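So the structure is just underneath, and the comments pick up after that.
These numbers were taken from a predicted model, which means no experiment stands behind them. In what follows, chains carry the letters A, B, and so on, assigned in the order in which the sequence lines appear, proteins first and then strands, with residues in each chain numbered from 1.
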Number of protein chains: 2
Amino acid sequence: MVSKTLMAASTRPLILAILAGGKNYGYSIIQKVKDISGGHLEWTDGMLYPVLQRMEMENLITSNWKLSDGNRPRRYYTITDKGRDELASELISWRYIWQALKGLTDPLKAGD
Amino acid sequence: MVSKTLMAASTRPLILAILAGGKNYGYSIIQKVKDISGGHLEWTDGMLYPVLQRMEMENLITSNWKLSDGNRPRRYYTITDKGRDELASELISWRYIWQALKGLTDPLKAGD
DNA sequence: ATGCATACATAGATTTTGAATGTATCTTCG
DNA sequence: CGAAGATACATTCAAAATCTATGTATGCAT
């Protein structure tokens, strides 16, 4: 089980990373996260939508409704330039810490 | 600059990882973190001591004072078995998420 | 004696999160 | 047709965790 703080720290970068690969809507993002994490990360919609709203307020993402054929209306989110910058810098931070952790726990291997 | 949430998520695992390598005291832990992160993580003592106290209350670490030669008294922290378990499971979680992030951002390379 | 690094400690204002809850549509299957 | 379950989005606010600000004190160098 992933700790609360780690969950909190990873939510935004994961959302940004997913949207960097193409626009997407809330419900689908949840499934993609579950998918890409091998089932270890299971988000609820109740936690995701507020996060998406906050990220939109911060201009990391934008949204627009799309009504198609037989489907329910969906709100699609798109990453902004600011969002891409944020993602890039988050990834750098994650790398620092991950490498610090690895360096401490197995000092012999270097790896990535 | 490392984000607040990421900072929060990494504090405990880093402390545990350091103590897994041998007992240590607060001030020295701060320097070790700075050192191992290449200067990217700079903790303040004011944020560390409360964390250490909470971790001790949760039995992840124990502490005892050591008064030596010309030095000031220092409170040395030791990792417990429970702490080692915690560290191990945190590392697993970190790996999941790091790999999910990497998988999303550069889908071609696998790596570790 | 002055300044700086070392060393530990506490309180509590502030922020943040996400669980709980609500609404509604689409699909499937008997 | 009707029921059940998956899909889809939305809001509120109680509860909890963090760490900034602040305080104390010693060792060492010059």
Side-chain angles (χ1 to χ4, degrees), chain A residues 1-15 18-19 23-35 39 41-58 60-78 90 97, chain B residues 1-15 18-19 23-35 39 41-58 60-78 86 90:
Chain A
M1 227 243 359
V2 175
S3 76
K4 205 169 170 178
T5 48
L6 188 53
M7 194 65 118
S10 58
T11 305
R12 284 154 160 267
L14 282 171
I15 292 171
I18 287 169
L19 295 183
K23 56 174 57 178
N24 213 335
Y25 61 96
Y27 211 84
S28 165
I29 291 174
I30 292 173
Q31 292 164 326
K32 190 141 194 175
V33 165
K34 183 174 178 183
D35 198 46
L41 296 177
E42 295 204 48
W43 292 356
T44 61
D45 52 353
M47 73 79 116
L48 179 59
Y49 293 113
V51 173
L52 287 172
Q53 282 169 12
R54 284 173 217 135
M55 288 174 74
E56 186 166 18
M57 280 201 295
E58 293 170 47
L60 300 173
I61 58 181
T62 57
S63 72
N64 64 311
W65 286 95
K66 192 167 272 174
L67 327 140
S68 55
D69 40 322
N71 288 322
R72 296 197 42 182
R74 290 167 176 164
R75 188 196 276 272
Y76 276 80
Y77 290 91
T78 311
E90 288 265 23
I97 292 171
Chain B
M1 226 243 358
V2 175
S3 78
K4 206 169 168 177
T5 48
L6 188 53
M7 194 64 117
S10 58
T11 304
R12 284 154 160 267
L14 282 172
I15 291 170
I18 287 170
L19 295 183
K23 56 174 56 178
N24 214 333
Y25 60 97
Y27 210 83
S28 165
I29 291 175
I30 292 172
Q31 291 165 327
K32 191 142 191 172
V33 165
K34 183 173 177 181
D35 199 45
L41 295 177
E42 294 204 48
W43 291 358
T44 61
D45 52 354
M47 73 79 115
L48 178 60
Y49 293 113
V51 174
L52 288 172
Q53 284 170 12
R54 281 176 224 130
M55 290 174 74
E56 186 165 17
M57 280 199 297
E58 293 170 45
L60 301 173
I61 57 180
T62 56
S63 72
N64 64 310
W65 286 96
K66 193 167 271 176
L67 327 139
S68 56
D69 40 320
N71 287 324
R72 297 196 41 180
R74 288 168 177 163
R75 189 196 275 270
Y76 276 80
Y77 289 91
T78 311
E86 173 83 2
E90 288 265 22

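- Separating the CG atom in B:Leu60 from the OG1 atom in B:Thr78 is a distance of 13.0 Å, to the nearest 0.5 Å.
- Spacing between atom CZ of B:Arg75 and atom C1' of D:dA25 amounts to 16 Å, rounded to whole angstrom units.
- At least one side-chain heavy atom of B:Ile15 sits less than 4.5 Å from a side-chain heavy atom of B:Val51.
- Judged as a side-chain hydrogen bond (donor to acceptor under 3.5 Å, both in side chains), the pairs with a partner in residues 41-57 of chain A (not counting sequence neighbours) are, in order, A:Glu56-A:Ser63.
- Taking side-chain N and O atoms only, A:Arg74 has a distance below 4.0 Å to OP1 or OP2 of D:dA8.
- For A:Gln31 and D:dT7, the shortest distance from a side-chain N or O to OP1 or OP2 is below 4.0 Å.
- Distance A:Leu67 CG to C:dC26 C1': 15 Å, rounded to the nearest Å.
- In this structure, the separation between CG on A:Leu41 and CG on A:Leu14 is 6.5 Å, given to the nearest 0.5 Å.
- Across all strands shown, B:Trp43 has no heavy atoms under 4.0 Å from either base or sugar-phosphate atoms.
- Residue B:Tyr27 has no polar side-chain atom (N or O) positioned under 4.0 Å from OP1 or OP2 of C:dC8.
- Side-chain contact check for A:Thr62 versus A:Tyr77: every heavy-atom pair is 4.5 Å or farther apart.
- Taking atom NZ on A:Lys66 and atom P on C:dT25, their separation rounds to 22 Å, with Å as the unit.
- Judged by closest nucleotide on DNA chain D, B:Leu48 is the one of B:Leu48 and B:Pro73 placed further toward the 5' end.
- Here A:Leu19 contributes atom CG and A:Ile29 contributes atom CD1; the two are 4.5 Å apart, rounded to the nearest 0.5 Å.
- In this structure, OH in A:Tyr76 is found 6.0 Å from NZ in A:Lys66, a value given to the nearest 0.5 Å.
- The nearest whole Å value for the distance from the CD atom in A:Glu42 to the C1' atom in C:dA19 is 16 Å.
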* **Protein-to-nucleotide contact annotation, 5' to 3' order, nucleotides 11-19 of chain D [B base; S sugar-phosphate only; - none; under 4.0 Å, heavy atom]** => B------BB
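- In this structure, CE of B:Met55 is placed 18 Å from C1' of C:dA9, rounded to the nearest angstrom.
- Annotation: the terminal axes of the helix from C:dA1-D:dT30 to C:dG30-D:dC1 meet at 30°, where each axis is the rotation carrying the C1' atoms of four end pairs onto the next four (5 pairs per end, rounded to 10°).
- For the pair A:Tyr25 OH and C:dT25 C1', the interatomic distance rounds to 13 Å; values are reported in whole Å.
- To the nearest 0.5 Å, atom CZ of residue A:Arg75 and atom OH of residue A:Tyr25 are 15.0 Å apart.
- In this structure, the separation between CZ on B:Arg74 and CG on B:Asn64 is 13.0 Å, given to the nearest 0.5 Å.
- What separates CG of A:Leu52 from C1' of C:dT17 is a distance of 14 Å, to the nearest Å.
- When the P atom of C:dA7 is taken as reference, atom CD1 of B:Ile30 falls 10 Å away, rounded to whole Å.
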